[in-house]
Amino acid sequence: MKTISENRCFGGTQGVYSHSSEATGTEMTFGLFLPEEAQHGPVPLLWYLSGLTCTHENAMVKSGAQAWAAQQGLAVVFPDTSPRGEGVADDAAYDLGQGAGFYVNATETPWAPHFKMWDYITSDLPQLLFSEFAVDEDRQAITGHSMGGHGALTIAMALPDRFRSASAFSPITNPSVSEWGRKQLTAYLGEDEDTWGRHDATIQMRERGFDGPLLIDQGASDQFLDKLIPEALASAMMARRQTGHFRMQKGYDHSYFFVASFMEDHVNFHAEALYA
């Protein structure tokens, strides 16, 4: 692991690090905020998964998460959204390839050699974090925005014993039927739609739900509502009687201004679960 930078931040440290990933076969970069309490022992960990076109840096710089995490004594990790570098497949479109890993393990050419973002988020990066930093493996929560909201929800439902709570900002909720989903799932996983279900939050909510609290915030003026399909997940949550809150926020769009506006709510929501 290499330290790229470390800066004092709200009494704690905002670091940026890189490491050689076994999952992706590439060098991967991530940000990690550690509150002051981490100097004295392991602290709870909140995962933040970012959306299309983002790197580790977008949420780290724009979300305002560190201020609220410092108040609650939480660490926050900001992974990258895809493998990168020479020899890594890419596409001219913004919503496929580098910056658009979609949190799946690709099985199709040319993506399969490196695009193993499911394994990176669920296995590779956690092993590094818990061996190198003062974060508590038994107290984890997960959130994300847009494509990252999709990743957070599907990973949380697949690993219910790992995360005490889950949330999302404007998640891609039903990628099996969405323009933001069918394209990527076909490219990464192939045309057999039976393989897509584990990566569709609406399908997973119908089939298994989440054994913990959920918080979903969706901007009512989001310019991508037709791609996000929030009503599908809301309906599935109601049908399953899922514990949680689904909030339509009047006037808000898809930007980080929206994310920053409700980040305090999400951090406090996760802190309540992590310290229960």
Side-chain angles (χ1 to χ4, degrees), residues 46-52 79 81 95 100-105 117-119 121-122 140-186 188-189 192-220 222 224-249 252 254 258-259 262 265-267 269-270 272-274 276:
L46 174 60
W47 291 78
Y48 183 101
L49 305 186
S50 290
L52 291 168
T81 56
D95 57 355
F102 232 72
Y103 304 103
V104 303
N105 286 340
M117 288 302 294
W118 181 278
D119 283 352
I121 296 297
T122 64
Q140 297 183 66
I142 191 167
T143 189
H145 174 229
S146 194
M147 179 185 72
H150 139 81
L153 294 175
T154 54
I155 288 171
M157 285 187 275
L159 302 171
D161 296 331
R162 181 174 300 187
F163 301 103
R164 296 193 184 184
S165 54
S167 73
F169 302 86
S170 304
I172 301 171
T173 70
N174 201 187
S176 295
V177 300
S178 168
E179 182 182 336
W180 276 353
R182 293 190 62 83
K183 173 183 177 179
Q184 292 84 359
L185 295 176
T186 300
Y188 294 141
L189 302 179
D192 181 1
E193 297 186 18
D194 288 341
T195 66
W196 298 2
R198 67 185 294 228
H199 299 293
D200 188 306
T202 295
I203 292 174
Q204 290 305 300
M205 180 57 65
R206 291 172 184 156
E207 292 183 354
R208 66 174 69 191
F210 178 62
D211 188 20
L214 285 179
L215 173 61
I216 312 295
D217 271 317
Q218 171 62 61
D222 194 313
F224 303 115
L225 279 174
D226 60 332
K227 297 179 175 66
L228 303 172
I229 319 179
E231 62 274 15
L233 180 60
S235 176
M237 288 175 64
M238 289 294 291
R240 189 164 189 90
R241 308 295 193 265
Q242 171 68 46
T243 301
H245 302 278
F246 197 113
R247 310 191 304 190
M248 293 295 291
Q249 302 291 2
Y252 285 91
H254 199 70
F258 162 65
V259 173
F262 297 99
D265 289 356
H266 284 246
V267 171
F269 164 80
H270 290 297
E272 183 176 354
L274 290 167

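Along the sequence shown, the residues carry numbers beginning at 1. Computed from heavy atoms alone, side chains included, the values below leave out hydrogens, waters and symmetry copies.
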[X] side chain to [Y] backbone, donor-acceptor under 3.5 Å:
X: Arg164; Y: Gln140; result: no
X: Ser178; Y: Lys227; result: yes
X: Thr173; Y: Leu228; result: yes
X: His145; Y: His254; result: yes
X: Asn105; Y: Asp119; result: yes
X: Gln218; Y: Phe246; result: no
X: Ser235; Y: Glu231; result: no
X: Ser165; Y: Pro213; result: no
X: Arg208; Y: Pro160; result: no
X: Glu207; Y: Gln204; result: no

For this session: Given ring pair (Phe, Tyr, Trp, His ring centres under 6.0 Å), test Phe269 with His245 step by step and report yes or no.
Result: CA-CA 11 Å; Phe269 164 80; His245 302 278; 7.4 Å; no

Search all heavy atoms of [X] against all heavy atoms of [Y] and return the closest pair with its distance.
X: Ala100; Y: Leu52; answer: CB-CD2, 3.5 Å
X: Gly219; Y: Ser170; answer: N-OG, 4.0 Å
X: Asp217; Y: Pro171; answer: O-CD, 4.4 Å
X: Ala236; Y: Arg206; answer: CB-CG, 3.9 Å
X: Ile216; Y: Met237; answer: CG1-SD, 4.3 Å
X: Arg247; Y: Gln249; answer: NE-NE2, 3.3 Å

Determine whether [X] and [Y] make a side-chain contact, defined as any pair of heavy atoms from C-beta on separated by less than 4.5 Å.
X: Phe102; Y: His150; value: yes
X: Phe262; Y: Leu215; value: no
X: Ile155; Y: Phe163; value: yes
X: Phe210; Y: Thr243; value: no
X: Met205; Y: Leu214; value: yes
X: Asp222; Y: Phe258; value: no
X: Thr186; Y: Trp196; value: yes
X: His270; Y: Ser167; value: yes

Exercise. Should the ring pair Trp180 and Phe224 be called parallel, tilted or perpendicular, given that the plane angle runs from 0 to 90° and is split at 30 and 60?
Worked result: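 Because their plane-to-plane angle lies in the 30° to 60° range, the rings of Trp180 and Phe224 count as tilted.
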
Spacing of [atom1] belonging to [X] relative to [atom2] belonging to [Y], to within rounding of 0.5 Å:
X: Phe169; Y: Ser50; atom1: CZ; atom2: OG; result: 11.0 Å
X: Thr195; Y: Tyr188; atom1: OG1; atom2: OH; result: 14.5 Å
X: Ile142; Y: Arg162; atom1: CD1; atom2: CZ; result: 9.0 Å
X: Ile203; Y: Asn174; atom1: CD1; atom2: CG; result: 6.5 Å

For this session: Determine whether more than 12 heavy atoms belonging to other residues, nucleotides or ligands lie under 6.0 Å from atom CD of Glu193.
Result: yes

Problem set entry | CA sep, side-chain torsions, deciding dist, call: Val177, Asp200, side-chain contact (heavy atoms from CB on, under 4.5 Å) | CA-CA 9 Å; Val177 300; Asp200 188 306; 5.8 Å; no

Exercise. Is the charged tip of Arg198 near the ring of Trp118: under 6.0 Å from the six-membered ring centre and within 45° of its axis?
Worked result: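 So Arg198 does make the cation-pi contact.
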
Exercise. What do the steps show when you test Thr154 against His199 for side chain to side chain donor-acceptor pair (under 3.5 Å), and what is the final call?
Worked result: CA-CA 6 Å; Thr154 54; His199 299 293; 4.9 Å; no

